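Take a look at the structure set out below.
Treat the numbers as computed from the prediction; the structure is a model and nothing was measured. So you know, we letter chains A, B, ... as the sequences are listed, proteins then strands, and number each from 1.
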Number of protein chains: 4
Amino acid sequence: MARIKDQHKLEQINKAACVLVLKTGFAGLKMADVAKEADVAAGTLYVYYPTKEALINSLFKEVKSEIVQVLINPKHHSLSFYNTFQKMWLSYFNFCMKFPEKMLFVEHFFHSGLLSKQTIDFAHSIMEPVFEFIKQAQNNELIKKGDVLIIQSQISGPIHETIKLILANKIKPTKTNIHLCFEMSWQAIRK
Amino acid sequence: MARIKDQHKLEQINKAACVLVLKTGFAGLKMADVAKEADVAAGTLYVYYPTKEALINSLFKEVKSEIVQVLINPKHHSLSFYNTFQKMWLSYFNFCMKFPEKMLFVEHFFHSGLLSKQTIDFAHSIMEPVFEFIKQAQNNELIKKGDVLIIQSQISGPIHETIKLILANKIKPTKTNIHLCFEMSWQAIRK
Amino acid sequence: MARIKDQHKLEQINKAACVLVLKTGFAGLKMADVAKEADVAAGTLYVYYPTKEALINSLFKEVKSEIVQVLINPKHHSLSFYNTFQKMWLSYFNFCMKFPEKMLFVEHFFHSGLLSKQTIDFAHSIMEPVFEFIKQAQNNELIKKGDVLIIQSQISGPIHETIKLILANKIKPTKTNIHLCFEMSWQAIRK
Amino acid sequence: MARIKDQHKLEQINKAACVLVLKTGFAGLKMADVAKEADVAAGTLYVYYPTKEALINSLFKEVKSEIVQVLINPKHHSLSFYNTFQKMWLSYFNFCMKFPEKMLFVEHFFHSGLLSKQTIDFAHSIMEPVFEFIKQAQNNELIKKGDVLIIQSQISGPIHETIKLILANKIKPTKTNIHLCFEMSWQAIRK
DNA sequence: AATGAATGAGATTTCATTCAT
DNA sequence: CATGAATGAAATCTCATTCAT
């Protein structure tokens with residue numbers, strides 16, 4: 001038997017790619033740098049991904065999936081919609097604070113022109129459970145009616161912007177600021 | 001007056017750079033492509049901008065300025081804050097619909113790692129009048145207190161997301177959708 | 001006006017590629033070496049040919065055409081078929097002696113798996129006038145009947161082999177050897 | 001007797017290398033592909049051959065030897081030279097038809113620049129018995145005088161070309177075509 | 001001996017920039 | 001000023017070879 005394909009190595013590569021996007025912006029994401037950051041030979045990247053494009057697409061799907069996992073965590077289920085929503089919102093906010101590289105990776109590449117249609121479609125389809133959750137609340141007259149995509153972008157958009165402001169050291173992640181941000185989202189969508 | 005060389009050609013180049021970002025994403029923005037789209041020789045770009053970085057930074061500042069002009073248009077002044085806000089919001093929304101390439105150019109490059117600190121600082125400073133407008137409303141107890149950057153990102157973030165959804169053909173720019181989007185922003189920030 | 005695309009430079013590149021095939025065998029034909037041999041920057045090759053494969057295909061077609069020109073030279077026309085054939089044969093032999101790199105280039109790449117079907121088809125189609133010449137002689141009962149491709153390969157095959165032996169210093173291009181080679185071809189095809 | 005490791009595996013590898021040359025040309029003969037075609041791991045190739053070059057040189061010598069065996073088969077001995085020659089010619093033609101990958105492997109690599117001088121010398125030396133056979137016939141005034149290399153290339157050259165035409169589906173291996181080919185060779189060399 | 005993941009030198013190709021015209 | 005062919009540093013990617021298992 002040869003060395004088995006190392007799950008750990010794949011994770012190293014993925015992590016490295018995300019971290020580099022956070023550090024240097026993704027315009028300069030170079031395969032050589034990813035390899036160095038992952039402490040792996042350049043050629044090794046191509047054992048796991050046939051092209052740079054494939055790496056980005058695959059990684060995008062993986063991270064997007066992880067994000068959706070965070071959102072639809074069963075632990076969020078609560079008696080009231082407000083409570084569930086709040087838990088979801090906070091989970092996601094905390095996730096973005098903990099792994100800004102992941103949030104930025106998805107944000108940056110979504111409109112970069114580097115993702116395949118297949119990947120974009122995947123990203124939309126995987127969000128279905130989240131959309132369902134929104135629709136139910138709409139049916140129960142708990143939040144505003146209207147296209148779920150608009151409702152959802154009203155929630156995630158400001159979170160991303162706020163995280164970016166924090167990363168840019170323009171604002172601090174104080175309780176006040178986080179609460180303001182949440183409160184605005186809630187007021188935006190509530191009936 | 002050989003200073004501004006050929007204003008028309010400069011505009012062609014700027015337009016081309018924006019349009020290409022809209023068409024193919026900004027990750028692969030190539031000088032050769034900008035030249036072709038602008039119907040100009042590659043070398044000509046360097047008559048107007050010394051480097052690609054200069055082109056992007058300069059164009060970013062120009063477009064960002066144009067956007068601020070749209071926001072702080074004196075025509076928006078009205079008796080009530082709500083009225084003024086609504087006019088601003090609509091102006092900006094319509095601007096983004098009319099020139100999505102400009103909105104996306106600014107959006108895409110803002111966190112790309114390709115802009116100089118100087119440009120980033122400029123972008124923040126030029127927004128001062130808008131922040132002032134928000135602060136006044138806060139002082140007059142018309143909208144929520146808190147960091148103006150958070151308030152502002154709550155307004156622009158959803159607009160950008162909604163425009164992107166429209167461009168991606170995920171939703172239609174119907175009166176209902178536009179009104180929903182505005183209403184959510186208003187509910188988000190109002191006291 | 002910029003520099004005009006330099007016909008001379010294209011010829012330099014083509015010559016260089018042929019020469020390198022002769023010198024180092026074509027398995028090791030490297031773009032960097034072609035550039036160096038042509039006294040041109042590596043990137044310049046890509047001004048003229050989009051890929052290495054394109055360079056090889058294009059060059060192959062050009063050299064093959066040149067060879068056909070040598071074969072169907074109007075000056076060869078003579079009263080007797082024997083005379084015309086002898087002139088053709090000698091022209092081709094001398095061409096191969098003068099430009100062994102061209103002969104070898106065509107020989108080597110023809111069965112290399114690097115040429116596109118289109119190029120292979122071109123190579124066959126361009127030989128039509130030569131086949132016509134053979135067919136006429138067959139109709140006039142001057143040479144053996146049978147598939148022209150077989151007749152033709154009986155003529156060119158030995159020439160190529162002989163040239164290779166000369167290049168490998170195994171035999172000398174003496175009058176005796178050349179005459180023997182021609183005489184065998186003639187005896188092979190004559191009625 | 002761990003000398004020859006696994007004879008079967010070695011044959012698989014050799015066959016694979018030949019077959020790939022036939023299928024895809026020799027320019028792109030890759031060790032990984034040879035391994036896959038031989039249904040063996042890449043590393044295994046290096047158990048049998050220290051380098052790619054060694055594989056090619058060794059295989060070349062082996063196949064060339066096999067070819068010479070075919071040519072100097074004692075069964076060909078007959079009363080008349082013509083009969084012997086005809087048997088040799090047919091044996092070789094049939095061998096090439098049965099194992100075109102072997103013929104092409106030798107053909108392709110002979111002038112590829114990838115073989116060592118030692119291998120080239122071996123290839124020439126092993127042909128000595130064949131050259132002797134030709135020389136005897138010359139001494140007996142049965143065939144034309146002249147350098148045996150030229151005589152020999154007049155025989156093998158057309159066979160190779162004809163086989164290639166058959167493989168390329170340009171002609172069919174009919175009795176007529178084969179007979180024409182042989183007849184031309186005979187007329188070429190006979191006194 | 002056999003495996004195939006990992007390597008890294010070196011190949012092809014790209015693209016911002018220069019410069020002769 | 002304008003051009004676009006030419007450049008070459010740097011990027012992506014390949015592949016013969018190694019080596020841990």
Minimum side-chain heavy-atom gap [X]-[Y] below 4.5 Å:
X       : Y       : result
T119(D) : S116(D) : yes
E101(D) : K15(D)  : yes
V21(D)  : F109(D) : yes

Looking just at side-chain N and O atoms, do Q118(D) and K61(D) make a donor-acceptor pair shorter than 3.5 Å? yes
K23(C) and E37(C): salt bridge (Lys or Arg N to Asp or Glu O under 4.0 Å), yes or no, with the steps? CA-CA 11 Å; K23(C) 267 211 286 208; E37(C) 176 80 25; 3.6 Å; yes
Value in whole Å for how far the C1' atom of dT3(F) lies from OH of Y48(B): 12 Å
Candidate nucleotides [options], ranked by approach to the side chain of [X] - the nearest:
X      : options                : value
T44(A) : dA2(F), dA2(E), dT7(E) : dT7(E)
V47(C) : dA5(F), dG8(F), dA1(E) : dA5(F)
K9(C)  : dA2(F), dT7(F), dG8(E) : dT7(F)

Over 60° means perpendicular and under 30° means parallel, so classify the ring planes of H108(B) and F26(B), tilted if in between. tilted
Ring-face cation contact, F105(A) with K102(A), 6.0 Å cut, 45° max: no
5' to 3', nucleotides 10-17 of chain E under a 4.0 Å protein heavy-atom cut-off (B base, S sugar-phosphate only, - none) gives -SSBBSSB
Could you walk me through whether N14(C) and Y48(C) pass side chain to side chain donor-acceptor pair (under 3.5 Å), step by step? CA-CA 10 Å; N14(C) 290 349; Y48(C) 293 89; over 6 Å; no
Stems in DNA chain F, runs of 3 or more consecutive Watson-Crick or G-U wobble pairs with both distances under 3.5 Å, sorted by first number, are E:2-21 with F:2-21
